[in-house]
Novice: 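Here it is: the structure, laid out below.
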Amino acid sequence: MVKQEPEAYSFAQFIRDKTTAWTGVRNFRARNFLKAMQKGDEVLYYHSVSEKAVVGIAAVVKTAYPDPTAKPDEKGDWVCVNLKAVRAFPRAVSLDEIKARPGLKNIPLLRQSRLSVMPLTATEAKIIKGLGES
DNA sequence: GCCAACGTTGGC
DNA sequence: GCCAACGTTGGC
């Protein structure tokens, strides 16, 4: 799952762009999760702050490579991945709904709200997709 | 290498 | 707009 403020880069914009480079991640843990992404992996797209809901699905089209927006003197080897927008959910899955699901109690989104890139188990992803596409 | 101070993020 | 949580920075 990746997280983004809709004011900064909304899923609607992402759909229009079709693909995007997921750059600008400057957190070590988030970076490690970026590096772990495999081509074809599904990515849930969460709108933070003003909307607080999972709004759609994307997919990894290119695995981690050096982030072109990172300055050479910035410490850490920052990476980005390329994502493609797959589809918007017919119905956004709100943070409240996620909190209400016992099966989603342990997702990093709830446990560590500031992490911008995080892994989900297959089961967790399935529950959220089930809600969003029902 | 520890820890206080500060900045940022994100939920409320 | 506030504040808690977290990460980062800098003094010691």
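Letters A, B, ... mirror the listed sequences (proteins, then strands); counts begin at 1.
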Novice: Identify, with sequence neighbours excluded, every residue that meets side-chain contact (heavy atoms from CB on, under 4.5 Å) alongside A:Asn27.
Specialist: A:Arg29, A:Ala30, A:Leu115
Novice: For residues 54-68 of chain A, dump all side-chain donor-acceptor pairs below 3.5 Å to protein atoms at least two apart in sequence or in another chain.
Specialist:
{"from": "A:Tyr65", "atom 1": "OH", "to": "A:Asn82", "atom 2": "OD1", "distance (Å)": "2.5"}
{"from": "A:Asp67", "atom 1": "OD1", "to": "A:Thr69", "atom 2": "N", "distance (Å)": "2.7"}
{"from": "A:Asp67", "atom 1": "OD1", "to": "A:Thr69", "atom 2": "OG1", "distance (Å)": "2.7"}
{"from": "A:Asp67", "atom 1": "OD2", "to": "A:Gly24", "atom 2": "N", "distance (Å)": "2.8"}
{"from": "A:Asp67", "atom 1": "OD2", "to": "A:Arg26", "atom 2": "NH1", "distance (Å)": "3.0"}
{"from": "A:Asp67", "atom 1": "OD2", "to": "A:Thr69", "atom 2": "OG1", "distance (Å)": "3.2"}

Novice: Going 5' to 3' on DNA chain B, which nucleotide is the first and which the last to come under 4.0 Å of a heavy atom in chain A?
Specialist: B:dG7 to B:dC12
Novice: State which residues pass side-chain contact (heavy atoms from CB on, under 4.5 Å) with A:Arg91; sequence neighbours excluded, sorted by chain then number.
Specialist: A:Glu97, A:Leu131, A:Ser134
Novice: Quick one: list whatever passes side-chain contact (heavy atoms from CB on, under 4.5 Å) with A:Ile107, sequence neighbours left out.
Specialist: A:Ile98, A:Leu104, A:Leu109, A:Leu110, A:Leu120, A:Glu124
Novice: Only counting residues at least two apart or in another chain, list the ones meeting side-chain contact (heavy atoms from CB on, under 4.5 Å) with A:Ser10.
Specialist: A:Pro6, A:Ala12, A:Gln13, A:His47
